[in-house]
Every structure is written in C-alpha cells, then in structure tokens.
Amino acid sequence: MRDPILALDGIAKSFGPIEVLHGVDFALRPGEVHALIGENGAGKSTTMKILAGYLDPTAGQVLFDGKPIRFAGSDQAEDLGIIMIHQEFNLAEHLNVDQNVFLGRELKRGFLLDHKAMRQQTQELLTRLDCRADPGAQVSRISVPDKQMVEIAKALSRKARVLIMDEPTAVLTEKETDVLFAQIERLRAEGVAILYTSHKLGEVKRIADRVTVLRDGVMVRSDLTADVTEDDMATAMVGRELSDLFPPKVMGGAEPILEAQGITVPGVVHDASLTLHKGEVLGIGGLVGSGRTELAEAIAGLRPRSGTVRLKGQDLPAGQVARAMAAGLAYLTEDRKGAGLLLEKTLRENLTLPMLETFGRPLIDRKREEAALDRAIADFAIKAPERGMAVGDLSGGNQQKLLLAKTLLSDPDVIIIDEPTRGIDIGTKQQIYTLIARLAAEGRSIIVISSEMPELIGLASRVVVMHAGRIAGELAGDAVTERGIVRLAMGMDGHQKDGAA
Amino acid sequence: QTIGVSIPAATHGWAGALNFHAEQTVARLSEAYPDMEFVLTTTSDPGQQVSDLEDMVATRGIDALVVLPFESEPLTGPIQRIAESGVWVTVVDRGLAQEGIENLYVAGDNDSFGRTAGTYFADTLDEGAQVVVMRGIASTVDNERVAGFEAALEGSGVEVVAMDHGNWNRDTAFNLMQDWLSRFPEIDAVWAADDDMAVGALAAIDQAGRTDEMFVVGGAGMKEMVDRIRNSDPTVPVNVTYPPSMISTAIEMTALGLTSGAPMSGDFIIASELITPENAEDFYFEDSPY
Amino acid sequence: MSTTTLQQTRRPRLNLPVIAPIVALVVLIGIGMALNPNFLSYANITNVLARSAFIGIIAIGMTFVITAGGLDLSVGSMAAFVAGLMILVMNIATESMGPGLPVILIGVAIALFAGLAAGFINGILITKAGIEAFILTLGTMGIYRSLVTWLADGGTLSLGYEMRELYRPVYYGGILGIAWPIIVFAVLAILGEITMRHTAFGRHCAAIGSNEKVARYSSVAVLRVRLATYVLLGTLVGIAVVMYVPRLGSASATTGLLWELEAIAAVIIGGTLLKGGFGRVWGTVVGVLILSLIGNLLNLTDFVSPYLNGAIQGVVIILAVVLQRNTGAAR
Amino acid sequence: MSTTTLQQTRRPRLNLPVIAPIVALVVLIGIGMALNPNFLSYANITNVLARSAFIGIIAIGMTFVITAGGLDLSVGSMAAFVAGLMILVMNIATESMGPGLPVILIGVAIALFAGLAAGFINGILITKAGIEAFILTLGTMGIYRSLVTWLADGGTLSLGYEMRELYRPVYYGGILGIAWPIIVFAVLAILGEITMRHTAFGRHCAAIGSNEKVARYSSVAVLRVRLATYVLLGTLVGIAVVMYVPRLGSASATTGLLWELEAIAAVIIGGTLLKGGFGRVWGTVVGVLILSLIGNLLNLTDFVSPYLNGAIQGVVIILAVVLQRNTGAAR
Ligand SMILES: Nc1ncnc2c1ncn2[C@@H]1O[C@H](COP(=O)(O)OP(=O)(O)OP(=O)(O)O)[C@@H](O)[C@H]1O
Ligand SMILES: Nc1ncnc2c1ncn2[C@@H]1O[C@H](COP(=O)(O)OP(=O)(O)OP(=O)(O)O)[C@@H](O)[C@H]1O
Ligand SMILES: [Mg+2]
Ligand SMILES: [Mg+2]
C-alpha cells in the first residue's frame with residue numbers, strides 16, 4: 001500500500017460553540033477510491049472542506065505528503081493538486097458554462113483570453129462526460145444535473161492529485177453516474193487519490209476501494225469495501241439495523257383527483273397528459289432533461305403553459321401558484337438552493353414562508369411558528385446544531401428534510417415531489433418513504449419524480465415515463481420494472497403518443 | 001434673428017424669480033418682435049452651461065446671447081469665443097474674468113449687496129452686539145457679498161459669532177437657526193444673505209419665541225419681506241435689493257439693440273438699495289411670484 | 001433525535017448587532033454633551049427629533065422597499081411635488097370656501113392620495129413594465145422635480161397667511177409637551193417595526209429581497225408585495241409632507257432636495273442590507289437620528305471652516321458604520 | 001435521444017439585447033434630425049461627443065465597479081476635487097517655473113495620481129474595512145465636495161491665463177478633425193470593452209458580481225479584483241479631469257455635480273446589471289450618448305417651459321430603458 005498523500009490527524013472542528021468533528025483521523029492514498037459515508041449532518045462535508053483547505057480545523061493537523069500543512073486557503077490546496085467538488089452548486093449563474101469551468105484559471109494568449117481554446121476544451125470535457133449542455137449557455141439556464149456535470153468538468157479540467165467529491169451523484173441518474181465512474185476509474189489508474197461521498201450505498205460498494213463511516217463527527221470504522229456489505233454500511237451509519245427500505249405499496253382508488261390535459265411548455269414539454277387518482281402514488285420517470293420538472297412546474301402554476309389542469313374537478317389557471325396551493329396542490333422543487341430555501345434565513349422563517357397567513361393575522365404568532373418547527377424537526381429528524389442558524393449552514397441532507405417539511409406544511413391533498421430523497425441518508429430515506437406511504441394511506445395523492453429507479457419501482461404503483469418532452473408511455477403494477485422504464489425513457493418503445501407525433 | 005438666453009436653473013428663490021422674469025420677457029418679446037426667435041436654457045452647473053452655449057451656436061445659429069454665467073471663471077473662455085465669432089453678447093449679473101468681452105453688461109452689485117446690509121447693522125447695533133450670518137451656496141457671489149458685509153462691519157464693534165452656509169434654502173436655514181438659537185443665549189441680529197433663508201430663520205425664531213430679541217435682514221426684496229417692512233414689522237426692519245428683473249432689462253436691451261441698431265453697449269450696474277418702511281411701497285410688486 | 005443540541009442555544013447570546021447602531025448614537029450624544037451644555041435641553045432635543053421626522057417617516061417606507069430588493073430615488077422630489085400640489089389645492093380651496101379645518105382636511109387628503117398615487121406609479125412601472133428601479137425612479141425624480149418647479153413657476157408656492165396660522169400647530173404643537181411630528185414619527189416607527197417583524201408582509205419583503213425565485217415558489221405574491229412596498233413608501237411620503245408643510249408653509253424647487261440620499265443612507269446605517277433580504281425599521285430610526293445629530297452638532301460648534309462641514313459629516317457617517325461593523329457585524 | 005428538443009434553443013435567435021440600446025440611440029438621432037437640420041452638423045456632433053467624454057470615461061470605470069457588485073457615488077465630487085487640486089498645483093508650478101509644457105505634465109501627473117489614490121482609498125476601505133460601498137462612497141462624496149470648496153475658499157479655482165491658453169487645445173484641439181476628448185474616450189471605450197470581455201480581469205469582475213463565494217472558491221483574488229475596480233475608476237476619473245480642466249480652466253464646488261448619478265444611469269441604460277454579474281462597456285458608451293443627446297435635443301427646440309426640461313429628460317430616460325426591454329430584455 002502506498003503512503004497517504006493527504007491525511008487528517010486528530011481533527012476537531014467547531015462552528016461557534018458547537019463542535020461537529022471530534023478528533024477525526026483519516027488518510028487518502030494515491031490510486032485509491034475512498035468513500036466517506038454517514039448520516040446527514042455527520043460531518044462529511046466539513047471533513048472534506050478541511051481536507052481541501054476551505055475550512056481551518058479547530059484542533060489537529062492536516063498532513064500532506066506526510067508533512068503537516070496549514071492551507072492559507074483553497075487556492076493553496078488547489079495549487080498542490082487538491083480539487084474539490086462541492087455538495088452545493090458552486091457556479092456563477094451569470095456566467096457561461098465554459099467561463100465557469102475555467103474561472104480563476106483562464107487560458108490566455110498573451111494578455112487576452114483564449115475563448116476558442118476554453119470553449120473547445122470545455123466541449124471536450126463535457127463530451128467526455130456525455131453531457132449535452134452547450135458550453136456557451138448561461139449557467140442559470142441549464143438544468144440541475146447539467147450543472148452537476150459542469151462542476152465535474154470543472155474539477156476534471158484541473159490537474160488533480162487528490163479529487164474530493166461531495167455527493168456528486170445525488171442529482172445524477174444512473175446513466176450519468178456510469179459516465180462519472182468511468183472517469184473515476186481512469187483517474188484511479190493514473191494514481192489520483194479520490195475521496196467520495198454518497199448516500200447511494202450501491203454505488204459505494206461498486207466504486208470504492210475503502211469505505212469509512214462517520215457518525216456524529218467521529219470515525220466509527222474504516223474497511224476495505226470488499227469486506228463489508230451494503231447492510232453493514234447502513235447499520236454502521238445509522239447505528240441500528242435497517243429493515244426493508246420500502247414500505248408496502250398503497251393501492252390508489254379509481255377516483256381521479258388531478259387531471260392534466262395537453263400540457264405544453266414551449267420548447268420542453270409537448271402535449272403531455274396524465275391523471276392522478278386519489279390515494280395513489282404515481283411515479284414519473286425519464287432521463288435527465290426529458291421535461292419532468294417542467295411538466296410538474298407547469299401543473300403547479302410556476303411556468304406559463306397551455307393545456308388544462310383540473311384539481312378535484314376544479315380548473316386551475318396557469319401561472320398562479322398561490323391558487324394551486326390554496327386548492328390543495330403542493331410542489332417540492334428539485335432546485336433546493338435556487339428555488340427551495342432562503343439560505344440566509346433561519347429554519348423557522350423558511351418553514352412557514354408559504355403558509356404565513358395561517359400563523360396568525362395580522363400579527364404572526366411566533367409561538368405557533370416555533371411549535372410548527374418543533375414538529376417538523378421531530379417528524380423529519382432534522383438535525384440542526386443551532387435552532388436559530390441560517391439554513392445555508394445546515395448539512396445538505398438536512399436542508400432537504402426542511403424543504404420537505406416546508407412543502408408538506410400546507411397539508412396538501414396532492415403533492416408533487418421532485419427528487420424527494422436527493423442527498424438524504426439511508427436511514428432518513430426509509431423514514432421518508434414510510435411517510436409517503438402514510439400520506440397516501442391517508443387518502444392524499446402523490447406524484448414522485450425521481451431519477452432513482454429503485455425509488456420509482458419501490459414507491460409507485462403506476463409510473464409515467466417521459467421522453468424528449470412527451471409522455472412516452474405508462475407502466476402499472478407488475479410492469480413497473482427497471483427494464484420497462486429504461487426502454488420508454490430511451491424512446492425505444494414507440495408508444496401511442498410518441499408514435500402519433 | 002435669434003437671441004439665446006442662458007441662465008441658472010431655478011434652484012432657489014432668487015434664481016426662480018430670475019427664471020420667471022426671463023420667461024415672461026421672452027414671451028412678451030416674442031409677440032412684440034414676430035420674426036425674432038428666442039432660445040431659453042437653464043443650467044445647474046458651469047459645465048452644462050458651456051454645453052448649452054455650444055448647442056446654441058452650433059444648432060440654433062444665435063445672433064445675440066444673453067448670459068448669466070453660473071460662475072465667472074469657467075465661462076469666460078467659452079463666452080469670449082462666442083463673442084469673437086461675431087455674436088452680440090450681453091452678460092448679466094456675474095462679470096466675466098476678463099474685461100471687454102461683452103457688448104453689454106447688466107448687473108447687480110454683490111459687494112454693495114453685502115455692504116448695504118453691513119452698514120445698516122453697523123449703524124443700528126451697539127458695540128458688542130452679537131450677529132449670526134447665513135451664507136448662500138459656496139460660490140464667488142456668496143464670497144463677494146460676505147466680504148462686503150464684513151468690510152462694512154469693520155470697526156463697528158459688532159461681533160459675528162457664527163457664520164455658516166444656509167445654501168439659499170429655507171429648510172437648511174430653519175435648521176441652522178434653530179441650532180444657533182439653542183447655542184447662543186443672546187443674538188441681536190441675523191443677516192441671511194437671501195430672503196429664502198430669512199423665511200427659514202424667522203420661522204425658527206418665531207418658534208423659539210425670541211422674536212423681540214433680534215431682527216433679521218434678508219436680501220433681494222422678496223414680496224413677503226417687503227410687505228413686512230411696509231407694515232413696520234420690528235423683526236424685519238429693512239431689506240436689500242438685488243432685483244431678479246435685471247434679466248428682463250438685459251433681454252429687452254439686447255433685443256432693442258438687434259432690431260434698432262441703436263447703440264446699447266455699456267455697463268449697467270444696479271446698486272443694491274436699502275428697502276425701509278418709508279420706501280417699501282416702491283418695491284412691492286403684487287404680481288411678482290417672488 | 002438530536003433535540004439536545006437544539007435547546008441549548010435557543011436564546012441567542014447577548015445580541016451585539018442589536019446594540020451596535022445605538023452605540024454610535026450614544027457616542028454622538030456624548031460628544032454633543034461635551035461640546036455644548038444646551039445640547040440636551042428640551043428645546044434642542046425637540047428640534048432635532050421634530051426635524052428628523054420627515055426623512056424619518058420616508059426612511060421607514062424606504063426600509064421596506066430596500067428590504068424587498070428595490071430602491072427609490074424619487075422620494076425627495078416626490079415630497080416636493082406633493083407639497084406643492086397640496087399647497088396649491090389648499091389655496092384654491094381657501095378661495096372658494098374660506099380658511100378653516102375643511103381646507104386642511106382637503107389638503108391632507110390630497111397629500112396622502114398624491115403620495116399613494118406617485119408610489120403606485122413607481123411600483124407598477126417597476127413590477128409590471130419591469131424597469132430597473134434605479135433608472136425608473138431616477139426618471140421620476142427628474143419628472144417630479146420639474147413638475148413642482150413648473151407648478152411654482154420657478155419660485156415658491158406659499159400657503160395663504162390664515163391657513164398657515166391655522167395649520168402651524170401640526171408642526172409646532174403637540175400634546176404633553178411632545179411635538180406632533182415626533183409623535184407621528186414614533187407611532188409610524190413602531191407600526192413599521194411591527195409590520196416588518198411580525199406580519200406576513202414584512203416576512204415576504206425579506207423573502208423577496210433574499211431570493212425572489214424562492215419566494216415565488218413559496219407562493220408569495222412577489223409582484224403584489226413589491227408593488228405594495230412602493231405604495232407604502234409613497235403614502236409615507238404623503239404623511240411626511242403633511243407634517244412638513246405646516247413648518248414653513250411653502251414648497252419650492254429646492255424642497256426635499258437630496259432627501260432620497262439621506263433616507264437611503266439612514267436605512268443602510270441602520271443595518272438594512274442594500275441588496276435586500278434583511279431590514280430593520282428601528283435601525284433606520286437610529287440611522288435617521290444619527291444623521292440629524294451630526295448636522296445639529298456641527299451647528300452647535302465652530303469648526304475650522306464651514307466649508308469643511310460636509311467633510312466632517314462624511315467622516316462621521318463612515319465612522320458610524322465602521323463602529324457598527326466592529327461592535328458586531330450588521331446583523 | 002432527446003436531441004431534437006435541445007437543438008432548437010441551442011443557438012440564440014438574432015441577439016436582440018445586443019442591438020436594443022442602439023435602437024434607442026437611433027430613435028433619438030432620428031428625432032434630432034427631424035427637429036433641426038443642424039443636428040447632424042459636424043460642429044454639433046463634435047460638441048455632443050466631446051462633452052460626453054467626461055461622464056463617458058468615468059462611466060467606463062463605473063461599469064467595472066458595478067459589474068463586480070460595487071457602487072461609487074463619490075466620482076462627481078472626486079472629479080471636482082482632483083480638478084481643484086490639479087489647478088492649484090499647476091498654478092503653483094507656473095509661479096515657480098513659468099508657464100509651459102512641464103507644468104501641464106505635472107498637472108496631468110497630479111490628476112492621474114490623485115484619481116488613483118482616491119480610488120484606492122475608496123477601494124481599500126470597502127474591501128478591507130468591509131464598509132458597504134453605498135455608505136462609504138456617500139461619505140467620501142461629501143468629503144471630496146467639502147475639500148474642493150475649501151481649496152477654492154468657497155469660490156472658483158482658476159488656471160492662470162497663460163496656462164489656460166496653453167492647455168486649451170487638449171479639449172478643443174484634435175487630429176484629423178476629431179477632437180482629443182473624443183479620441184481619448186473612444187480609445188478608452190475600446191480598451192474597456194476588450195478588458196471586460198477578453199481579459200481575466202473582466203471575467204473575474206463578472207464572477208465576483210455574480211457570486212462572490214463561487215469566485216473565492218475558484219481562487220479568484222476577490223478583494224484584489226474588487227479593489228482594482230475602484231482604483232481603475234479613480235484613475236479614469238483622473239483622466240476625465242485631464243480632459244475637463246482645459247475646457248473650463250477652473251473648478252468649483254459645483255464641478256461634477258451629479259456626475260455620479262449620470263454615470264450610473266448610463267451604465268444601467270447600457271444593460272449592465274445594477275446588482276452585478278454582467279456588464280458591457282459598449283452598452284455604457286451607448287448609454288452615455290443617449291443621456292448626452294437628450295440634453296442636446298432639448299436645446300435644439302423650444303419647449304413649453306424650461307421648468308419642464310427635467311421632466312422630459314426623465315421620460316426619455318425611462319423610455320430608453322423600456323424600449324430596450326421590449327426590443328429584447330437586457331438579460
Ligand atoms: N458554517 C456552519 N456554521 C454552523 N454549523 C455548520 C456550518 N457548516 C456545517 N455546520 C454543521 O456541521 C454539521 C456537519 O455538517 P456537514 O455538512 O459536514 O454534514 P454532512 O455529513 O455533509 O451531511 P449531509 O449528508 O447532509 O451532507 C451539521 O450539523 C451542520 O449543520
Ligand atoms: N430556463 C430554461 N431555459 C432554457 N432551457 C431550459 C430552462 N429550464 C430547463 N431547460 C431545459 O429543459 C429541458 C428539460 O428540463 P427538466 O429540468 O424538465 O428535465 P427533467 O426531466 O426534470 O430532468 P432533471 O430534473 O433530472 O433535470 C432540459 O434540457 C433543460 O436544460
Ligand atoms: Mg454534506
Ligand atoms: Mg427535474
């Protein structure tokens with residue numbers, strides 16, 4: 001075994017009075033893929049940021065090539081070849097894709113920027129990642145998974161000796177994950193040390209050489225991946241045995257509650273229709289960019305659209321979110337940071353934002369808000385070191401839980417959840433699945449949009465698959481299989497609507 | 001034939017009156033001389049005034065220019081060039097930095113404006129009397145007036161205890177006066193170098209209930225002030241003229257010079273007069289907005 | 001689960017940013033006391049507070065506009081225009097119905113309505129036509145300033161003598177020795193603070209200023225709330241004018257000059273973020289008082305040269321903010 | 001795969017925002033031609049372009065500051081102060097060494113250095129002391145304005161007669177019939193556009209304005225770049241002064257009044273985002289020309305009342321922006 005290139009020795013880290021890492025020892029070796037797993041808020045991102053020079057440890061040492069080092073900042077770490085992909089998007093929205101990829105390390109010809117070279121190299125990187133985003137497109141206009149691929153491209157464009165990736169696959173589908181893993185394999189062969197986190201334990205098992213489990217800021221165990229099973233990992237993370245991930249499916253009634261007819265969003269969704277029944281969990285599958293999010297947002301009144309949406313027999317006007325919400329329709333966005341949460345605001349302010357009117361008029365009843373937050377924290381196992389902290393300082397998974405709590409606060413009859421468990425640890429995932437099943441059992445109707453195939457299969461009794469902005473087909477009951485979904489998503493089964501077009 | 005008129009924008013009462021008179025005169029003369037065109041521009045800084053003059057020459061082809069320079073120094077060069085191109089130039093109020101550029105000069109006398117007020121203070125007040133002075137917007141005009149005022153006080157034993165800029169603005173003057181009233185237990189007189197400021201000062205004195213203690217002398221002969229003098233208000237005993245209507249005189253004489261060819265050149269200096277209860281009637285103009 | 005960690009910090013530690021602008025204020029008051037014994041006199045304090053009221057009332061509205069990510073440069077000229085209009089209408093009304101309380105009521109109604117309408121125009125053009133607030137209000141600033149100059153024919157619009165006497169007490173009078181402008185300012189400040197902190201409207205302003213998209217996705221009526229901030233500001237300008245006109249009974253082209261800058265400065269000194277997302281009305285009040293006090297202090301003392309007043313003012317404004325930063329970052 | 005939907009929006013349609021401000025400009029020029037045949041005369045065009053140069057040069061720097069998420073309200077008074085200082089020093093130099101080219105060179109050096117230093121002071125206080133740019137530059141605006149008033153003793157600082165004659169050609173002269181200010185403005189505009197679009201500095205400004213944290217994480221020297229924008233702006237103010245002083249040969253308390261607003265307005269009319277993240281220098285140039293033309297057009301004709309000039313100006317500014325929005329949103 002080669003000597004570690006980057007290591008932590010007795011690292012502790014506190015934010016204000018709260019210590020989140022308590023004496024972490026850890027080592028990364030060249031040519032090894034090391035997975036760091038743990039519950040939401042366990043301290044994975046914090047550990048990684050210390051490794052990459054973004055944060056200073058409160059105590060302990062960072063060792064680079066065996067020698068203690070104190071990074072003056074992330075630039076110094078980057079100069080040494082330590083590159084990190086952040087869990088949260090780290091792109092300047094106003095700039096183009098290629099401008100972001102080369103930000104801070106622009107290619108120049110003499111004094112001036114070499115636009116052509118940068119665009120070309122960006123294109124090459126994206127092609128290598130099988131990403132179709134246009135290098136000249138403004139980042140604010142590309143989709144969430146594309147942004148993630150751009151981030152990966154940005155990291156790959158740097159000459160890395162150590163590559164640290166914080167949940168790179170959370171927003172990717174399996175196909176893109178495969179592309180990413182191929183790149184990881186290549187880097188491993190080149191002798192790059194790779195650190196990687198994911199809540200998808202299957203992936204960890206597949207790609208990692210070594211897996212380290214972090215729980216509540218302490219390393220609980222570190223093994224060769226070959227020696228442990230997924231179940232072992234889950235148990236070590238959560239600290240208890242996990243039963244079946246998915247609860248038994250709930251069968252919906254036959255009474256339609258939400259009917260969308262001929263929804264068209266120019267350029268992205270074409271003539272899509274679907275029906276949701278009372279008490280049903282309906283899945284929407286499809287590849288990245290197939291228009292699932294746009295369809296959901298159009299239904300929820302967040303985008304201009306043509307076509308009709310009927311909720312409980314009542315027409316919902318286009319472009320009026322408040323009306324849709326008042327009628328009992330709630331939408332959980334996939335873009336947590338851009339559209340979901342106010343990152344500088346506290347948990348309480350975020351939680352009650354959509355429903356403020358119900359917390360007292362004209363004055364807001366602070367006590368009721370606090371009570372609602374208490375409930376949300378309990379129901380969704382939100383782990384916040386400080387109650388009054390800014391949401392942006394929560395761990396990624398806990399932000400997702402808060403967003404879920406916020407969306408469900410209005411007690412909606414119909415819930416559209418776009419990527420429900422993005423970045424959520426396996427223990428909480430199970431809780432959320434149980435919650436979804438419970439909501440359905442209570443007679444609520446749920447649409448789940450997910451890029452995680454097992455999630456669709458495990459939760460939904462019926463799955464609608466989109467391809468290139470159209471509904472490619474529908475699967476129900478036993479026909480809901482991975483193969484079936486993939487075939488439709490790839491546009492291989494020319495179904496009714498696709499064939500007609 | 002075209003006459004260009006360039007004056008400062010109505011940023012305080014006196015300039016407002018100037019605008020009023022200029023506009024009235026232009027309207028009147030446009031009727032009297034049907035073939036004569038007028039271009040009236042107002043400016044808020046010297047740079048813009050130069051731009052306006054450039055535009056008049058380049059696009060309106062003016063034959064005569066009536067100009068009240070915002071500041072003397074910066075306008076001297078540009079006006080000189082216009083004069084050299086053969087355009088008749090009438091300068092109003094603020095003389096240019098160089099002699100002999102203009103054909104006609106119509107002006108008030110800032111030194112006399114301050115001196116007249118100062119002389120009144122020196123004559124009326126006892127030795128050791130305490131006076132506060134409100135200056136206008138920092139400018140050459142203001143400097144000349146204050147210099148005249150101070151020169152007149154020289155040797156009289158009247159003491160100027162505070163002096164600050166009221167910017168020819170009622171509100172600023174009001175605040176300033178309020179604070180001076182808090183600061184000085186005794187004030188015998190106020191010189192507000194402009195009637196707008198006098199209005200503010202009087203309101204503050206009135207509020208403090210110290211009307212009997214002091215008098216206020218403003219300047220430029222605002223209607224309300226003249227009215228109070230007319231009625232022998234002890235708080236407003238006198239005023240000093242600085243007629244904004246001088247712009248009318250200037251425009252009229254220029255127009256006359258252009259049409260009749262009569263020799264209209266020369267200097268017309270309108271010295272400041274002291275308005276007293278005795279002569280106040282002569283300075284009260286019912287229709288004037290000022 | 002992790003409830004143990006939650007409880008321990010429920011109450012924030014002694015909140016430094018909360019006291020910071022107050023510290024700046026206290027320092028200024030201390031300087032004032034040292035400079036002049038009359039500084040703390042009843043008359044001086046009343047003067048300073050009463051004259052702060054106009055800018056103060058406007059700045060309260062500006063706090064909401066800025067918190068919601070907007071800006072309004074037109075308030076100064078808007079105030080001048082509303083004042084001019086109010087005086088004009090009151091003079092006309094006096095002619096036809098004689099001086100009396102009804103004329104004042106008409107005037108007040110006109111001022112409030114004109115302010116509201118002006119705010120509405122700004123707001124609707126910003127929200128519906130989507131014009132950048134800075135540019136739009138720069139434009140309306142020029143327009144209102146022009147209109148009042150035109151209304152006044154370049155001069156001054158003055159309230160008739162009898163009406164002025166009748167209306168005077170609204171600025172100079174008061175109850176229990178407290179002048180009306182101070183009372184109105186205080187009441188509006190308290191209402192403003194409550195609105196900002198304890199109502200859905202205030203919360204929505206902060207949400208919009210923080211991230212408009214998140215607000216929209218959370219079914220906040222973004223355009224409506226934003227429009228409301230401008231209407232509120234316009235109405236407050238109207239109220240400020242109602243308190244202003246009785247002071248000197250006149251309005252001219254110079255009325256309200258640079259009030260917009262002073263109001264915005266007060267808001268920011270008070271700790272509201274210029275980029276929006278966080279605002280506090282009480283901070284704005286402190287900011288207004290700081291600005292007023294600087295002027296007062298300068299008038300109460302002799303400096304080297306009156307030309308340098310502006311420089312001292314500038315330095316103190318900067319120091320006030322620095323002090324705030326160092327006592328504890330603004331928020 | 002799903003390439004069909006993708007391709008159709010890959011190439012943006014004919015880039016409307018690019019031509020939008022130009023459309024506004026063309027409309028204004030059309031109006032000018034209709035109003036007065038002399039509008040397109042060589043003299044008038046030279047006049048308009050040359051006088052745009054001061055604000056224009058400053059606005060180029062302001063584009064960088066705003067793009068990087070900053071603001072500078074002090075440029076107008078800074079220009080006045082630098083001009084005053086320059087004249088003062090030149091007068092002193094003339095006394096000791098007689099009029100001549102060396103005096104001009106000294107003056108130019110002083111202006112550039114003073115501008116650079118003033119920009120540096122603004123920049124360092126904003127970046128290092130972390131004072132909100134709006135407040136800091138509001139403070140320095142007051143300070144510089146005071147200082148120039150004080151230097152001029154309330155009046156005007158004027159260049160000695162001989163020096164003025166010697167220095168005049170820098171504004172009024174030119175080569176090939178093109179006036180120097182126009183040449184300097186054009187060269188700086190082109191350099192500015194290149195810097196913004198084709199250098200790492202310009203790119204970094206946009207990145208900082210878009211998301212400071214991202215820029216920092218991408219190892220952009222955020223503080224250094226931001227400081228550099230203010231220094232650049234200050235230096236450009238110095239250059240503007242070098243072109244300005246020969247025009248009037250003097251500086252006073254009113255020099256450069258409201259230039260800051262005009263410069264900021266030009267930048268925003270040009271399509272730069274006030275909140276930062278995107279800027280374009282050529283747009284700023286168009287914005288400056290639009291503003292200059294409005295003033296020129298008003299002088300070309302007689303309007304109802306000079307009092308209403310400001311109103312017309314306001315309306316046109318708003319219309320220019322609306323036109324831009326409607327021809328294709330200024331992104
Ligand atoms: N800047 C900060 N200020 C205060 N607390 C913070 C800050 N950053 C992180 N924390 C806290 O530190 C703890 C660890 O967070 P971290 O982001 O490392 O978790 P994680 O293991 O990456 O979780 P996830 O799987 O949800 O991403 C969390 O409780 C988080 O709220
Ligand atoms: N504002 C926008 N402007 C232009 N194109 C957009 C915009 N928003 C989304 N798109 C494009 O529309 C297509 C559909 O995106 P959408 O987000 O609906 O995909 P999806 O099926 O939900 O997949 P995922 O959620 O995994 O990204 C994508 O190609 C995306 O790049
Ligand atoms: Mg994390
Ligand atoms: Mg999606």
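Chain naming here is simple, since letters A, B, ... match the order of the sequence lines and numbering starts at 1 in each.
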Under a 4.5 Å heavy-atom cut-off, does chain D meet the side chain of B:D142, its backbone, both or neither?
neither

Among the listed options B:P46, B:G4, B:G77, the residue most often paired with chain D at heavy-atom distances under 4.5 Å:
B:P46

Answer with yes or no whether the side chains of D:S250 and B:E73 bring together a donor and an acceptor at under 3.5 Å.
no

Scored by heavy-atom pairs under 4.5 Å with chain D, the best of B:A22, B:A58, B:G61, B:S72 is B:A58

Checking heavy atoms, do the side chain of D:T149, its backbone, both or neither come under 4.5 Å from chain B?
side chain

Excluding sequence neighbours, so at least two apart, what forms salt bridge (charged side-chain N to carboxylate O under 4.0 Å, His left out) with B:D109?
none

CG (D:N296) and OG1 (B:T59) are apart, to the nearest 0.5 Å, by 6.5 Å

So which bits of residues 37-44 of chain D come within less than 4.5 Å of chain B, counting non-hydrogen atoms only?
D:N38, D:S41, D:A43, D:N44

What pairs with D:R51 under salt bridge (charged side-chain N to carboxylate O under 4.0 Å, His left out), at least two apart in sequence or on another chain?
B:E54, B:D55

Nearest 0.5 angstrom please: B:T76 OG1 to D:L248 CG, how far?
10.0 Å

Return yes when atom CD of B:E84 has more than 12 non-hydrogen atoms of other residues, nucleotides or ligands closer than 6.0 Å, and no otherwise.
yes

CG of D:N47 to CG of B:D52, rounded to nearest 0.5 Å, is 11.0 Å

Establish, from distance only, whether the side-chain atoms of B:S51 and D:R247 form a donor-acceptor pair under 3.5 Å.
yes

What part of D:Y161 gets within 4.5 angstrom of chain B, counting heavy atoms only: side chain, backbone, both, or neither?
side chain

Winner by heavy-atom pair count (cut-off under 4.5 Å) against chain D, out of B:R135, B:H165, B:E71
B:E71

Looking at residues at least two apart in the chain, or sitting in another chain, which of them share a side-chain hydrogen bond (donor to acceptor under 3.5 Å, both in side chains) with D:T94?
none

